[in-house]
Amino acid sequence: MGSLPFRRRLSRTLLTDNVGCYYYTWDSKLGTSWSVCRCLRKISSSVGGKKFDFTDLTRPHTWYPIARRKKRNVILHVGPTNSGKTYNALKRLESSYSGIYCGPLRLLAWEIAQRMNKAKVPCDLITGQEREEVDGAKHKAVTVEMADVTSEYSCAVVDEIQMLGCRTRGFSFTRALLGIAADELHLCGDAAAVPLIQEILKATEDNVKVQYYERLSPLVPLKLPLGSFANIRTGDCIVAFSRFEIYKIKRQIEHGRKHLCSVVYGSLPPETRTRQATMFNDENSDFDVLVSSDAIGMGLNLNISRIIFSTLRKFDGVETRELTVSEIKQIAGRAGRYKSKFPVGEVTCQAAKDLPLLHSSLSSPSPILEQAGLFPNFDILFMYSRLHATSGLHQILEHFVENAKLSENYFIADCEQMLKVAAVIDELPINLNDKYLFAMSPVDMDDDISSQGLIQFAQSYSKTRIVRLKEIFTPGTLKVPKSHHALKELESIHKVLDLYVWLSFHLEDSFPDRELAASQKAICSMLIEEFLGRDGWQEPRHKKLLHL
């Protein structure tokens with residue numbers, strides 16, 4: 001397999017693969033152990049007259065022996081948005097001796113780390129792109145992909161647990177559900193996930209308790225549509241589902257010269273999204289209206305009076321479809337934050353034709369989740385590749401997904417992005433472990449600049465094992481964008497810098513320019529904010545000076 005390019009500590013846990021072969025495993029979720037390699041021949045031969053099948057994923061709870069040594073108390077906190085379910089779980093986390101919070105977004109992990117430290121509970125922040133360690137911390141706030149399944153905790157919280165049904169990211173929530181070794185495991189989310197979780201946890205023999213919550217503040221569906229943007233008022237949030245529509249709506253509203261709009265959407269840098277939300281929440285700010293994508297569905301505390309859907313249809317990457325009941329309820333529920341300036345939330349649509357779907361969705365329960373996502377770790381894929389005499393990651397992934405055996409409670413995660421990465425790096429002279437790492441990185445292969453950044457990083461790494469940022473990026477060349485096309489390019493550059501930082505945490509010796517990349521990311525965010533401020537009908541009252 002070649003030498004491993006980044007340092008890892010062996011865990012002290014002795015694991016069994018259920019075929020009589022014991023081995024140590026790495027702490028890193030992406031790594032494999034030399035002992036695994038040494039026992040491959042034994043596994044590949046007949047075991048009791050039966051060939052071992054690495055495509056058998058029907059018992060994923062056995063992948064986490066540390067968690068299985070515990071009889072965990074699992075508490076499901078379920079209810080609508082703004083019901084206090086996460087608040088109660090976090091209070092339990094704060095009072096625990098040690099703990100971990102796992103959220104779906106970096107913004108959420110950051111927010112919880114801030115909250116814990118403010119409450120005098122030392123808490124580390126760990127995401128794919130950040131490591132902030134606090135002296136004496138026995139608590140961590142992490143993105144769910146970074147959940148540690150090799151340590152033991154008094155308490156753990158997994159937020160938005162219904163996302164285990166997500167086609168692309170669901171496997172990370174399943175891993176947290178099955179793998180976190182905590183005495184108490186608190187799961188927060190939609191009641192639609194309860195039956196599936198109860199069924200999955202029958203195999204773990206954990207104690208499971210369900211706590212249901214009601215919304216703390218009223219949410220009122222309006223009978224009349226918004227109609228003209230002349231009817232927009234302070235505290236409104238207009239929801240659209242494309243970057244083009246978001247800026248089009250922003251310009252239309254600001255053309256009336258009564259309101260300035262903050263914007264929030266997925267491809268904005270997380271720091272920019274946070275500051276745009278902060279400006280909207282600030283009563284002394286000129287920005288009193290929000291135009292957003294469904295990115296507001298989770299992760300931002302917003303003082304919204306009224307949610308207005310510009311449409312109830314979105315392109316999901318495959319097709320244009322109607323929003324699901326769950327999506328409509330998640331977004332609509334952001335109006336009327338408890339104890340905010342707007343304690344009563346309202347929700348409507350821009351067009352009258354969308355009102356029947358809105359009203360029926362808000363009065364309907366979310367469809368019950370039937371399956372959770374699952375994906376093999378690198379150890380399984382590596383052993384599968386050795387037994388099938390193929391070295392290309394693309395071919396391994398395709399073959400594995402086609403042949404994977406699953407129980408009725410699981411589906412194999414959509415690995416389209418991984419396949420796109422594998423297709424372009426399979427020709428490079430790097431080992432399978434590193435190909436898998438590049439494929440797992442947060443790259444957007446549908447973004448030309450982002451995908452080119454990954455390709456160049458991988459090519460440089462394959463040649464010298466040292467990747468300098470200046471090889472593909474010249475610091476000091478970033479400028480305030482003068483058009484929406486230039487803004488999109490700057491957002492893509494931010495993705496490339498973000499990718500470099502992520503790789504620097506996983507291949508530390510090979511990507512040594514983390515601080516430079518992080519500083520250039522910060523400049524990107526400020527320049528994007530400068531553009532957003534200039535894009536309005538007047539300069540912001542409290543314009544920030546940029547010190548680049």
Taking [X] for its side chain and [Y] for its backbone only, find out whether a donor-acceptor pair lies under 3.5 Å.
{"X": "R68", "Y": "L178", "value": "yes"}
{"X": "N82", "Y": "Y338", "value": "yes"}
{"X": "S340", "Y": "G336", "value": "no"}
{"X": "S83", "Y": "E214", "value": "no"}
{"X": "T81", "Y": "G333", "value": "no"}
{"X": "T62", "Y": "R59", "value": "yes"}
{"X": "Q276", "Y": "V263", "value": "yes"}
{"X": "R169", "Y": "L164", "value": "no"}

Going by the salt bridge (charged side-chain N to carboxylate O under 4.0 Å, His left out) test, name the single residue among E130, E111, E145 that passes it with R106.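 Going through the options one by one, the only one that passes is E130.
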Please determine which of R92, R72, K71 meets the salt bridge (charged side-chain N to carboxylate O under 4.0 Å, His left out) test together with E184.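 Testing E184 for a salt bridge (charged side-chain N to carboxylate O under 4.0 Å, His left out) against R92, R72, K71 leaves exactly one candidate, R92.
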Can you establish whether the number of heavy atoms outside [X] located under 6.0 Å from its atom [atom1] is more than 12?
{"X": "Q211", "atom1": "CD", "value": "yes"}
{"X": "Y97", "atom1": "OH", "value": "no"}
{"X": "E370", "atom1": "CD", "value": "no"}
{"X": "K405", "atom1": "NZ", "value": "yes"}
{"X": "E283", "atom1": "CD", "value": "no"}

For K140 and D148: C-alpha separation, side-chain torsions, deciding distance, then whether side chain to side chain contact (heavy atoms under 4.5 Å, CB included) applies. CA-CA 10 Å; K140 302 174 184 176; D148 181 2; 3.4 Å; yes
Using the ring of [Y] (Phe, Tyr or Trp, six-membered ring only), decide whether [X] places NZ or CZ under 6.0 Å from its centre and within 45 degrees of its axis.
{"X": "R514", "Y": "Y500", "value": "no"}
{"X": "R131", "Y": "F505", "value": "yes"}
{"X": "R337", "Y": "F342", "value": "no"}

Side chains of Y265 and Y247 only: does a donor on one sit below 3.5 Å from an acceptor on the other?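 Side chains of Y265 and Y247: pair found under 3.5 Å.
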Polar contact flag, side-chain donor to acceptor under 3.5 angstrom, T272-H494: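 No, no side-chain donor-acceptor pair sits under 3.5 Å.
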Is the closest basic N to carboxylate O distance between [X] and [Y] below 4.0 Å?
{"X": "E346", "Y": "R233", "answer": "yes"}
{"X": "R321", "Y": "D316", "answer": "yes"}
{"X": "E491", "Y": "R243", "answer": "yes"}
{"X": "R306", "Y": "D236", "answer": "yes"}
{"X": "K420", "Y": "D446", "answer": "yes"}
{"X": "K70", "Y": "E152", "answer": "yes"}
{"X": "E271", "Y": "R275", "answer": "no"}

To the nearest 0.5 Å, what is the distance between [atom1] on [X] and [atom2] on [Y]?
{"X": "L290", "Y": "I296", "atom1": "CG", "atom2": "CD1", "result": "6.5 Å"}
{"X": "C349", "Y": "L224", "atom1": "SG", "atom2": "CG", "result": "12.0 Å"}
{"X": "I380", "Y": "W63", "atom1": "CD1", "atom2": "CH2", "result": "4.5 Å"}
{"X": "I328", "Y": "L323", "atom1": "CD1", "atom2": "CG", "result": "5.0 Å"}
{"X": "C237", "Y": "I307", "atom1": "SG", "atom2": "CD1", "result": "4.0 Å"}
{"X": "D354", "Y": "H359", "atom1": "CG", "atom2": "NE2", "result": "10.5 Å"}

Are the side chains of [Y] and [X] in contact, using a 4.5 Å heavy-atom criterion?
{"X": "V401", "Y": "C415", "value": "yes"}
{"X": "D159", "Y": "Y101", "value": "yes"}
{"X": "L497", "Y": "C524", "value": "yes"}

Please walk me through it: do N88 and Y213 pass side chain to side chain contact (heavy atoms under 4.5 Å, CB included)? CA-CA 10 Å; N88 282 282; Y213 295 77; 3.4 Å; yes
For N281 and T278, run side chain to side chain donor-acceptor pair (under 3.5 Å): C-alpha distance rounded to whole Å, both residues' side-chain angles, the deciding distance at 0.1 Å, then the answer. CA-CA 5 Å; N281 285 341; T278 300; 5.9 Å; no
Assess the residue pair H139 and S96 against the criterion (side chain to side chain donor-acceptor pair (under 3.5 Å)); give the C-alpha distance rounded to whole Å, side-chain angles, the decisive distance to 0.1 Å, and a yes or no. CA-CA 9 Å; H139 290 73; S96 65; 3.1 Å; yes
Mind running ring pair (Phe, Tyr, Trp, His ring centres under 6.0 Å) on F378 and Y436 for me, showing each step along the way? CA-CA 7 Å; F378 177 74; Y436 182 81; 5.3 Å; yes
Take F375 and T174 through the side chain to side chain contact (heavy atoms under 4.5 Å, CB included) test and state the conclusion after the steps. CA-CA 9 Å; F375 201 73; T174 303; over 6 Å; no
Is there a side chain to side chain donor-acceptor pair (under 3.5 Å) between D414 and T168? Walk through the geometry before answering. CA-CA 5 Å; D414 182 350; T168 54; over 6 Å; no
What pair of heavy atoms forms the shortest contact from [X] to [Y], and how long is it?
{"X": "L216", "Y": "G84", "answer": "CD1-N, 4.0 Å"}
{"X": "C123", "Y": "V134", "answer": "O-CG2, 3.2 Å"}
{"X": "T320", "Y": "R313", "answer": "O-NH2, 3.3 Å"}

Go through the steps for E94 and R115 under the test salt bridge (Lys or Arg N to Asp or Glu O under 4.0 Å), then give the verdict. CA-CA 9 Å; E94 284 181 16; R115 168 181 170 158; 3.0 Å; yes
Where do T234 and D288 land on the side chain to side chain donor-acceptor pair (under 3.5 Å) test, with the steps shown first? CA-CA 5 Å; T234 295; D288 60 342; 2.8 Å; yes
